[in-house]
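First comes the structure, then the notes that go with it.
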Amino acid sequence: WYHKRNGMKNPPPSPPSLPLIGNLHQLGSLPHQNLHIMARKHGPIMLLHFGSLPVLVISSADAAREITITHDLTFASRPVRKRSMKISYNGKDVVFAPYGEDWRRGKSIFVLKLLSKKRVQSYQSIREEETALLVKSIQECSGRVNLSAMFIEFTNDVVCRSAFGRKYSTSEKGKRFLELVGELSESVGSFSVGEFISWLSWVDRARGFDQKFNSDAQELDEFLDAVIQERIENQEEISGENFLDILLEISKDDVSVDRDGIKAILMDAFAAGTDTSSTFLEWAMTELLRHPAVMEKLQTEVREIAEENREITEFDLERMHYMKAVIKEVFRLHPPLALIIPRVALRDVEIKGYDISAGTLVLLNEWAISRDPVSWDEPEEFKPERFLNSLIDFKGLSFELLPFGAGRRVCPGMTFAVATIEFLLATLVQKFNWKLPDGVEGKDLDMTEIQGITVHRKVPLLALASTSLSK
Ligand code: HEM
């Protein structure tokens, strides 16, 4: 019915669907896992329907290349949805902006001005200071360390200092700001019934979703406005060394970067840059605690390159080849954005012989791609060694590993995120020995996932740390 209506000659295989709701009921609470199961039966290029909206689900490296490189321009846009438009100031940001002039301008600000290699190096002192603070809190913790909570605070502080030049996690207002960013991004990321089935939009209204979303968005807007206003009124505080100062500087010459544009870009940095990195760190420590032999090998490498009490340098990190392999393996098994931020087809196109119509929503299931047995031996096993003599990287050219996406919409925060993650992870294994509390063995560690903005651990990760001298 759907296909006939859309006039498609050869649509991709589709699982059976229900009238009116399509396949929405099959997504469950962990859509990436359920879509993975469905793709095993129907193939790596699969067509679903959310309400009447056609949704293409991609689950292999080969098909991902078609979307992100071969037909990059056709799939360079994001769907225009009510909620994402609201928090992105009508697409004045980068993450949710439809393909066009605003997106291009915003993306080049991220790539060239806020997150260039040189600029990321200039944030090194922030990474060092925040890592030292985390080490200190672990040393002061007499019992179990809640690593999940610590990683969230750490990444929030690193992004906050890089974005605003100061931390907000200590004030009540600041804490509320971070909470709002989390809640709003999560609700944009979830599949709300009313967005796909317009006659059911009363369900969202009746549940109070819309009202809460709008009042949260307003509160967040007021916070950002106040921060910007304060900076404008205290010109002497402008250092030019954080996102806000750089954006204010750009807005002097470029009228298109107005107040809303600045707020939208700042919002992106928090929505896209905090939970992604803390989720990664949480899974990295989880896998190391589950695999003591990998932990030991990593500690040996790190401690040989940077002896115990010496601070690790960026030059040291470059020589830590095993650590880089561990990081790739964690990204492979636990991509923080398991379903890459949705794209949309701008025109009719043929993918591997299948007809895709303009307006189709595209979901790249990175979780499925990086577990595909066609690309990976023993895909469910955590084996960093697989990367030691391999050219596969996560920079967007190896389609079997795309935690940061690829093509025009690739993540501009990769260098920033990897610098933060590498430095913290190396320091944590250099300075401490780790084990699970209460005699829990690695193999018994609860690995249940939960879908928020990212796919993170359902149960917080608790661990015991001892200084590496007391092995
Ligand atoms: C481990 C950390 C991170 C992961 C796994 C991650 C992953 C991703 C992914 C998968 C996308 C979508 C790419 C696509 O559609 O092909 C994306 C987009 C984006 N990310 Fe990241 N990201 C991370 C950190 C960051 C950081 C630290 C920032 C900024 C401070 C950032 C800013 C953005 C922006 C602005 C976009 C939108 C790009 C566009 O639509 O053109 N990300 N990220």
Side-chain angles (χ1 to χ4, degrees), residues 32 58 64-65 67-69 72 75-79 84 88 91-100 102-111 113-116 119-120 123 126-127 151 154-156 158-164 181 185 189 242-243 246 264-284 327-328 330-332 334-344 361-367 369-370 394-397 399 401-422 424-425 453-456:
H32 60 287
I58 299 295
R65 181 203 304 268
I67 302 294
T68 57
I69 298 294
D72 190 16
F75 295 104
S77 202
R78 306 269 191 220
S84 56
S88 66
K92 285 198 166 184
D93 78 327
V94 175
V95 174
F96 300 112
Y99 185 66
D102 281 348
W103 168 79
R104 205 170 295 120
R105 187 183 313 108
K107 183 89 177 221
S108 74
I109 290 179
F110 262 116
V111 173
K113 308 278 185 190
L114 308 181
L115 296 170
S116 66
R119 189 63 76 178
V120 170
Y123 305 133
I126 298 178
R127 292 191 285 275
F151 290 151
F154 168 80
T155 50
N156 273 334
V158 170
V159 173
C160 217
R161 286 183 62 185
S162 313
F164 296 135
V181 174
S185 324
N242 54 66
F243 298 2
I246 298 166
I265 288 187
L266 289 171
M267 198 31 218
D268 268 2
F270 283 93
T274 52
D275 253 42
T276 40
S277 303
S278 61
T279 302
F280 171 88
L281 287 163
E282 184 187 55
W283 286 117
I327 288 179
K328 286 180 191 169
V330 175
F331 271 130
R332 186 184 71 79
H334 307 283
L337 296 175
L339 291 175
I340 288 180
I341 311 166
R343 312 267 189 109
V344 71
L361 188 80
V362 181
L363 297 177
L364 286 163
N365 190 353
E366 170 54 13
W367 199 85
I369 293 170
S370 58
F394 45 64
K395 296 191 175 147
L397 294 172
F399 298 91
L401 188 68
L402 296 175
F404 293 96
R408 260 167 240 246
R409 299 301 297 227
V410 72
C411 173
M414 191 189 324
T415 315
F416 182 99
V418 173
T420 312
I421 284 163
E422 282 186 344
L424 180 67
L425 200 61
I453 304 166
T454 55
V455 173
H456 55 93

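For ligands, and for the atoms within them, numbers begin at 1 and follow the listed sequence. When a residue number appears, it is its place in the shown sequence, counting from 1. Side chains included, hydrogens not; waters and symmetry mates left out as well; all remaining heavy atoms used.
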Counting heavy atoms only, which of Val95, Ile341, Leu281 comes nearest to atom 12 (C) of ligand 1?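 Nearest heavy atom to atom 12 (C) of ligand 1 lies in Ile341.
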
Return the option from Ser162, Gly273, Ser77, Ala64 holding the heavy atom at the smallest distance from atom 26 (C) of ligand 1.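 The option holding the nearest heavy atom is Gly273.
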
Separation of Leu425 CG from Leu281 CG (nearest 0.5 Å):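 Going from the CG atom of Leu281 to the CG atom of Leu425 covers 6.5 Å.
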
Polar atom proximity, [X] to ligand 1 (N or O, under 3.5 Å):
| X | answer |
| --- | --- |
| Trp103 | yes |
| Arg78 | yes |
| Asp268 | no |

Please confirm whether the backbone N or O of Ile340 pairs with a side-chain atom of Glu366, one donor and one acceptor, at under 3.5 Å?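 Side chain of Glu366 to backbone of Ile340, a donor-acceptor pair under 3.5 Å: no, none is there.
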
How about Phe243 and Phe270: are their ring centres within less than 6.0 Å of each other?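 Centroid separation for Phe243 and Phe270: 6.0 Å or greater.
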
Atom indices of ligand 1, in the order listed, that fall short of 4.0 Å to a heavy atom of [X]:
| X | answer |
| --- | --- |
| Lys107 | 38 (C), 39 (C), 41 (O) |
| Phe110 | 35 (C) |
| Gly405 | 10 (C), 13 (C), 14 (C), 16 (O) |

Closest protein heavy atom to [atom], given as residue, atom name and distance to 0.1 Å:
| atom | result |
| --- | --- |
| atom 4 (C) of ligand 1 | Phe404 CE2, 3.4 Å |
| atom 16 (O) of ligand 1 | Arg343 NH2, 2.6 Å |
| atom 36 (C) of ligand 1 | Pro412 CD, 3.5 Å |
| atom 32 (C) of ligand 1 | Ala272 CB, 3.5 Å |
| atom 5 (C) of ligand 1 | Pro403 O, 3.6 Å |
| atom 13 (C) of ligand 1 | Arg409 O, 3.2 Å |
| atom 20 (N) of ligand 1 | Cys411 SG, 3.2 Å |
| atom 9 (C) of ligand 1 | Leu337 CD1, 3.6 Å |

Beyond-backbone contact of [X] with [Y], side-chain heavy atoms, under 4.5 angstrom:
| X | Y | result |
| --- | --- | --- |
| Leu114 | Arg119 | no |
| Ser277 | Thr420 | no |
| Phe110 | Val94 | yes |
| Arg78 | Trp103 | no |
| Phe399 | Thr68 | yes |
| Val362 | Ile58 | yes |

Please state whether Phe416 comes within less than 4.0 angstrom of ligand 1, counting heavy atoms only.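 Yes, Phe416 has heavy atoms under 4.0 Å from ligand 1.
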
For the student: nearest non-hydrogen atoms of Thr454 and Leu337, plus distance: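 What the structure gives for the nearest pair is CG2-CD2, 4.2 Å.
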
Please evaluate residues Phe331 and Phe404 with respect to the criterion ring pair (Phe, Tyr, Trp, His ring centres under 6.0 Å), reporting the C-alpha separation (whole Å), side-chain torsions for both, the decisive distance (0.1 Å), and the verdict. CA-CA 9 Å; Phe331 271 130; Phe404 293 96; 5.1 Å; yes

Specify side chain, backbone, both or neither for Met414, according to which of its non-hydrogen atoms lie closer than 4.0 Å to ligand 1.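 Near ligand 1, Met414 shows nothing, with every heavy atom at 4.0 Å or more.
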
Check each heavy atom of Ala406 against ligand 1 and say whether those closer than 4.0 Å belong to the side chain, the backbone, both or neither.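 Near ligand 1, Ala406 shows its backbone, while the atoms from C-beta on stay back.
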
Should the pair Arg343 and Tyr99 be classed as cation-pi, given the thresholds of under 6.0 Å to the six-membered ring centre and 45° from the axis?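 Ring-cation test returns no.
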
